[in-house]
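Below: the structure, in C-alpha cells.
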Amino acid sequence: MSDNINDKPAHTPAGAGNSQWERTVLEKLVFATVQEQRAHRRWSIFFKIFSLLIVLIVLFALWVFYDYNNMGDTETLGRHTALIDISGEIESEGAGSAAVVIPALDKAFSDSGSVAVVLHINSPGGSPVQAGMIVDEILRLRKGYPDKPLYVVVDEMCASGGYYIASAADRIYVNKASVVGSIGVLMDGFGFTGTMEKVGVERRLLTAGENKGFMDPFSPLSDKHKAHAQAMLNEIHQQFIAVVRAGRGKRLKETPETFSGLFWTGARAVEMGLADDFGTVDSVARDIVKAEDIVDYTQHEGLPERVLKKFGAAMGAGAIKAAVQQAQPSLR
C-alpha cells in the first residue's frame with residue numbers, strides 16, 4: 001500500500017496548464033516579431049543599396065551621354081572659331097587651372113576645323129605657377145600650329161595672372177571699360193604677434209631648420225625673412241615682365257608705371273600697347289577670323305562633380321587649402 005501511495009502523481013494547481021500555454025504562445029509571438037523586424041531591416045538596407053546603385057548608374061549614363069555629345073559637336077562641325085573661357089581666379093583648382101585650360105587648348109589647336117583660337121578672359125589673376133604653365137603651352141602650340149592664330153578677348157577684367165596669359169596671344173581685344181594690367185606680384189598674410197602679447201598668449205613653435213617658420217603669422221617677421229620674401233617676389237615679377245615684353249614686342253609703349261602693378265581701362269590699355277583694339281568674341285570671329293561659327297572647347301564641370309560638390313565633398317579640403325596658400329606669391 002505504501003508503494004501505491006508514493007507512486008501517486010503530484011497535485012497540479014488549477015490553471016497551471018493554461019499559464020504554460022500562454023507563455024509559449026507569447027514567446028512564439030515575440031520571436032516572430034523579432035524575426036519580422038530583422039527581415040524588415042534587411043530588406044530596408046537592400047532597397048537603400050539598390051536605390052543608390054540605380055542613382056549611380058543613371059549619373060554615369062548621363063555623364064557618358066554628356067561627354068559623348070560634347071565630343072561629337074566638334075567632330076561634326078566644319079570651319080569654325082575655337083573658343084575657350086578662362087573665368088575667375090587662375091588657381092590649381094577650378095575653371096582657371098592649367099589642368100582645365102591646357103587640354104582645351106590642345107583640343108582647339110589640333111582640331112582641323114578650327115581656323116583660330118579665342119581665349120575669352122575674365123580674371124583678376126592668381127597663381128604665377130598656373131599662369132606660367134598655361135603660357136608655356138600656348139607658346140608650344142603656336143610653334144606647332146603657326147598658321148592658327150590665338151586671340152584674347154577681355155571681358156570685365158584681365159589683370160595680373162590673367163594678363164600674364166593674355167600677353168602670349170597674337171592680339172588682345174578689349175572693351176573700352178575693361179580693367180587691364182596690374183603687372184605685379186604680391187604675397188599677403190596677417191601678423192598676430194601684437195594681439196597675442198596683449199592677451200597674454202604665448203606662441204610655441206618648434207622647427208628643424210632655422211627658417212622653417214618663415215611667414216608664420218604668429219611669429220615676428222625678421223628683416224632676413226622680409227628680404228628673402230622681397231627677393232622672391234622681385235624674381236617672379238621679372239619673369240612676368242619678360243613674358244609681357246616678349247609677347248607684346250614693339251607694340252608695348254613702356255613707361256615707369258607700366259610694370260608698377262597699376263591697372264587701366266581698356267581704352268587706356270590700347271593707347272599703352274597693352275592691348276591692340278576693341279572687340280568681342282562675336283566681332284573677332286566675324287571680322288578678324290572670318291569664321292562666324294563658334295565652338296566652345298572650354299572644359300565645363302561635369303554632372304558627377306557638381307553632385308559631389310552639392311553634398312559637400314570638398315569642404316574640408318577647401319579649409320586646408322585656404323590655410324596652406326595664405327602666404328604664397330600671387331599675380332592679382
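Excluded from the calculations below are hydrogen atoms, water molecules and symmetry mates; all remaining heavy atoms, backbone and side chain alike, are included.
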All side chain to side chain contact (heavy atoms under 4.5 Å, CB included) counterparts of E254, not counting sequence neighbours: R245, L252, T258, F259
Just how far is it from atom CG of L274 to atom SG of C158, taken to the nearest 0.5 Å? 10.0 Å
Roughly how far apart are I86 CD1 and Q130 CD, rounded to 0.5 Å? 11.0 Å
With rounding to the nearest 0.5 angstrom, report the CD1 to CE distance, I165 to M133. 11.0 Å
Checking E257 now: which residues fulfil salt bridge (charged side-chain N to carboxylate O under 4.0 Å, His left out) with it, not counting sequence neighbours? none
To the nearest 0.5 Å, how far apart are CG in D85 and CD1 in I121? 10.0 Å
Across all chains, not counting sequence neighbours, the side chain to side chain contact (heavy atoms under 4.5 Å, CB included) partners of V179 are M157, F263
Worked check of side-chain contact (heavy atoms from CB on, under 4.5 Å) between I183 and V244: CA-CA 9 Å; I183 303 172; V244 173; 4.2 Å; yes
Checking Q238 against N234: is there a side-chain donor and acceptor pair closer than 3.5 Å? no
Do any pairs count as a ring pair (Phe, Tyr, Trp, His ring centres under 6.0 Å) and have a residue in residues 112-144, sequence neighbours left out, and if so which ones? none
Is it the case that the side chain of T265 and the backbone of A177 share a donor-acceptor pair, with hydrogens and angles ignored and the cut-off at 3.5 Å? no
Any side-chain donor paired with an acceptor under 3.5 Å for D282 and T280? no
Hey, mind stepping through I241 and H237 against side-chain contact (heavy atoms from CB on, under 4.5 Å) and telling me if it holds? CA-CA 6 Å; I241 293 172; H237 190 207; 3.8 Å; yes
Working to the nearest 0.5 Å, report the span between OG of S182 and CH2 of W264. 8.5 Å
Could you report the tightest heavy-atom contact between Y297 and H80, atom names first, then the distance? OH-NE2, 2.7 Å
Please determine whether side-chain contact (heavy atoms from CB on, under 4.5 Å) holds for the pair N175 and V154, giving the CA-CA distance in whole Å, both sets of side-chain angles, and the decisive distance to 0.1 Å. CA-CA 7 Å; N175 182 273; V154 177; over 6 Å; no
Shortest non-hydrogen contact from V174 toward G266: CG2-O, 3.6 Å
Can you name the nearest heavy-atom pair linking I236 to P128, along with the distance? CG2-CB, 4.0 Å
D170 meets the salt bridge (charged side-chain N to carboxylate O under 4.0 Å, His left out) criterion, sequence neighbours left out, with R142
Can you confirm whether V180 sits close enough to V270 that some side-chain heavy atom of one is under 4.5 Å from a side-chain heavy atom of the other? no
Under the salt bridge (charged side-chain N to carboxylate O under 4.0 Å, His left out) rule, what pairs show up with a residue in residues 148-161, not counting sequence neighbours? none
Who are the salt bridge (charged side-chain N to carboxylate O under 4.0 Å, His left out) partners of E271, not counting sequence neighbours? R268
Pairwise distance CD(E91) to OG(S97) - rounded to 0.5 angstrom: 8.0 Å
Report yes or no: do V100 and L150 belong to one cluster of Ile/Leu/Val/Met/Phe/Trp/Tyr joined by side chain heavy-atom distances under 4.5 Å? no
Transitive ILVMFWY side-chain link V153 to L83, under 4.5 Å: yes
If the condition is side chain to side chain contact (heavy atoms under 4.5 Å, CB included), which residues does V115 pass it with, not counting sequence neighbours? R79, V289, A291
Salt bridge (charged side-chain N to carboxylate O under 4.0 Å, His left out) against D276, all qualifying residues, sequence neighbours excluded: R248, R251
Taking the side chain as every heavy atom from C-beta outward, state whether D293 and T81 have any pair of such atoms under 4.5 Å apart. no
So which atom in S114 and which in A108 form the shortest heavy-atom distance, rounded to 0.1 Å? OG-O, 2.6 Å
Just jot down the side chain to side chain contact (heavy atoms under 4.5 Å, CB included) partners of L141, sequence neighbours excluded, or say none. L105, D106, F109, E137, Y145
All pairs passing salt bridge (charged side-chain N to carboxylate O under 4.0 Å, His left out) where residues 172-181 contributes a residue, at least two apart: none
Listed by chain and number, what are the side-chain hydrogen bond (donor to acceptor under 3.5 Å, both in side chains) partners of Y151, not counting sequence neighbours? none
Between V118 and I294, does the side-chain contact (heavy atoms from CB on, under 4.5 Å) criterion hold? Intermediate values first, please. CA-CA 9 Å; V118 173; I294 299 172; over 6 Å; no
